[in-house]
A.B. asks: 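My questions will all concern the structure given below.
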Amino acid sequence: MQTDVFEWLEASQLAVFIRQSPLLFPIIEIVHIFGFVFLVGSAFIFDMRLLDLSRRLAVKDVAGYVLPWSRRSMLLVVPSGLLLFITQATALSANNIFGYKLILIAAAIVNAAIFHRYTLARCEQAASTPPAAKAAAVISLLLWTSVITCGRLIAYF
C-alpha cells in the first residue's frame with residue numbers, strides 16, 4: 001500500500017512536469033539548497049554563540065536576529081523538499097540515507113524545541129552560557145552537519 005502512494009506521487013502531473021522540465025528540477029534543488037544555507041547557517045551562528053565563541057553579543061540579541069531567519073528558511077526548505085521528493089518518491093522511500101536524513105532532521109527539531117522550551121531563558125539570565133545550552137549547541141552542530149552529509153550522499157546510495 002505504501003509503495004502505491006509513492007508510485008501515485010511519482011506519476012502525478014506535477015511530478016512528471018518537474019521531471020520533464022529541463023530547468024525546473026535544478027531550480028527547485030537550488031531553492032532547497034539556499035533554504036538550507038539560511039537554516040543551517042543561522043543555526044550554526046547561534047550555536048557558536050552558545051559555545052561562547054562570540055561573548056560580545058548577548059544570546060538574546062543573537063537569537064533575535066538569526067533565529068527568525070531559520071524560521072523563514074522553512075518557507076523554502078519544506079515546499080522545495082516536498083517537490084523534490086515527489087519526483088523520485090519510490091526510489092527515495094527505499095533509500096536508507098534519505099530515511100536517516102529525515103530522522104536527523106526530526107532529531108534536530110526536537111533538540112531545538114527542547115532548547116527553546118527549557119534552556120533559552122536560562123541563557124538570557126546567566127552570566128555565562130549554561131552547560132545545557134552548550135550541549136544543545138554541540139548536538140545541533142552534529143545533527144545539522146549529518147543532515148547535510150546525508151543530503152549529499154543520497155545520490156550515491
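These figures come from a predicted structure and were not determined experimentally.
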A.B. asks: Which atom names give the shortest non-hydrogen contact between I86 and S12, and what distance separates them?
C.D. replies: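 Where I86 meets S12 most closely, the heavy atoms are CD1-OG, 4.3 Å.
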A.B. asks: Give the cluster check for L53 versus W144: same hydrophobic cluster or not, with ILVMFWY residues linked at side-chain heavy-atom distances below 4.5 Å.
C.D. replies: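 Yes; W144 is reachable from L53 via cluster members.
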A.B. asks: Hydrophobic cluster membership, with links at side-chain heavy-atom distances under 4.5 Å among I/L/V/M/F/W/Y: are I28 and V31 in one?
C.D. replies: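 No, because I28 and V31 fall into different hydrophobic clusters, even though each may have its own neighbours under 4.5 Å.
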A.B. asks: Check whether E7 reaches the backbone of T90 with its side chain - one donor and one acceptor, N or O, closer than 3.5 Å.
C.D. replies: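 Looks like no, no N/O pair under 3.5 Å.
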A.B. asks: Checking S54 side chain against L57 main chain: does a donor-acceptor pair fall under 3.5 Å?
C.D. replies: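 A pair under 3.5 Å: no.
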A.B. asks: Under a 4.5 Å cut-off applied to non-hydrogen side-chain atoms, are C123 and P130 in contact?
C.D. replies: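 Side chain of C123 against side chain of P130, heavy atoms only: contact under 4.5 Å found.
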A.B. asks: For side chain to side chain contact (heavy atoms under 4.5 Å, CB included), just list the numbers for F25 and L84, CA-CA rounded to whole Å, side-chain angles, deciding distance to a tenth of an Å, and then say yes or no.
C.D. replies: CA-CA 7 Å; F25 187 90; L84 293 171; 3.5 Å; yes
A.B. asks: Tell me, do L14 and L83 make a side-chain contact under 4.5 Å, heavy atoms counted?
C.D. replies: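 Contact flag for L14/L83 side chains = yes.
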A.B. asks: Any non-hydrogen side-chain atom of L50 less than 4.5 Å from a side-chain atom of K134?
C.D. replies: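 Sidechains of K134 and L50: no contact.
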A.B. asks: For residues V16 and E10, determine if any side-chain heavy atom of one lies less than 4.5 Å from a side-chain heavy atom of the other.
C.D. replies: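 Side-chain contact under 4.5 Å: no.
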A.B. asks: Roughly how far, to the nearest 0.5 Å, is OG1 of T87 from CD of E29?
C.D. replies: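 If I round to the nearest 0.5 Å, the distance is 9.0 Å.
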A.B. asks: Is there a side chain to side chain donor-acceptor pair (under 3.5 Å) between S140 and N111? Walk through the geometry before answering.
C.D. replies: CA-CA 7 Å; S140 172; N111 181 56; 4.6 Å; no
A.B. asks: Could you tell me whether the side chain of N95 and the main chain of F157 form a donor-acceptor pair under 3.5 Å?
C.D. replies: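 Judged by distance alone, yes, a pair lies under 3.5 Å.
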A.B. asks: Counting C-beta onward and ignoring hydrogens, is there a side-chain heavy-atom pair between L141 and M48 closer than 4.5 Å?
C.D. replies: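 Yes, close enough: below the 4.5 Å cut-off.
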A.B. asks: Keeping to residues at least two apart or across chains, list the ring pair (Phe, Tyr, Trp, His ring centres under 6.0 Å) pairs with something in residues 89-123.
C.D. replies: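 Sorted result for residues 89-123: F46-F115, F85-F98.
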A.B. asks: With a 4.5 Å limit on heavy-atom distance, are the side chains of Q88 and R19 in contact?
C.D. replies: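 Side-chain contact under 4.5 Å: no.
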A.B. asks: Between CD1 of I114 and CZ of R117, what distance do you get to the nearest 0.5 Å?
C.D. replies: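 Output value for this atom pair is 11.0 Å.
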A.B. asks: For H32 and S80, indicate whether the former's side chain and the latter's backbone hold a donor-acceptor pair under 3.5 Å.
C.D. replies: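 No, H32 side chain to S80 backbone: no donor-acceptor pair under 3.5 Å.
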A.B. asks: Please walk me through it: do V59 and L120 pass side chain to side chain contact (heavy atoms under 4.5 Å, CB included)?
C.D. replies: CA-CA 8 Å; V59 170; L120 180 58; 4.0 Å; yes
A.B. asks: So which atom in S73 and which in L39 form the shortest heavy-atom distance, rounded to 0.1 Å?
C.D. replies: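 S73 and L39 have their closest heavy atoms at OG-CB, 3.2 Å.
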A.B. asks: L142, F36: one ILVMFWY side-chain cluster at the under-4.5 Å cut-off?
C.D. replies: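 Same cluster.
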A.B. asks: Would you kindly confirm whether I148 and I105 end up in one hydrophobic cluster when ILVMFWY residues are joined by side chain heavy atoms under 4.5 Å apart?
C.D. replies: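 Yes; tracing contacts between hydrophobic side chains, which count when under 4.5 Å, links both residues.
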A.B. asks: Determine whether F6 and L92 make a side-chain contact, defined as any pair of heavy atoms from C-beta on separated by less than 4.5 Å.
C.D. replies: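 Side-chain contact under 4.5 Å: no.
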A.B. asks: Rounded at 0.5 Å granularity, tell me how far CG in D61 sits from CZ in R49.
C.D. replies: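 CZ of R49 is found 9.5 Å from CG of D61.
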A.B. asks: Give a yes or no on whether the backbone of L67 and the side-chain of R72 come within a donor-acceptor separation of less than 3.5 Å.
C.D. replies: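 Checking the backbone N and O of L67 against the side chain of R72, no donor-acceptor pair under 3.5 Å is found.
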A.B. asks: Kindly compute the distance separating NZ (K101) from CD1 (I103), expressed to the nearest 0.5 Å.
C.D. replies: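 Going from NZ on K101 over to CD1 on I103, the span is 13.0 Å.
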A.B. asks: Determine, using the 4.5 Å side-chain heavy-atom cutoff (strictly less than), whether L51 and L143 are members of one ILVMFWY cluster.
C.D. replies: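 Yes, same cluster.
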A.B. asks: I'd like to know if the side chain of T149 reaches the main chain of T145, judged simply by a donor and an acceptor atom lying under 3.5 Å from each other, with no hydrogens or angles considered.
C.D. replies: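 Yes, T149 side chain to T145 backbone: donor-acceptor pair under 3.5 Å.
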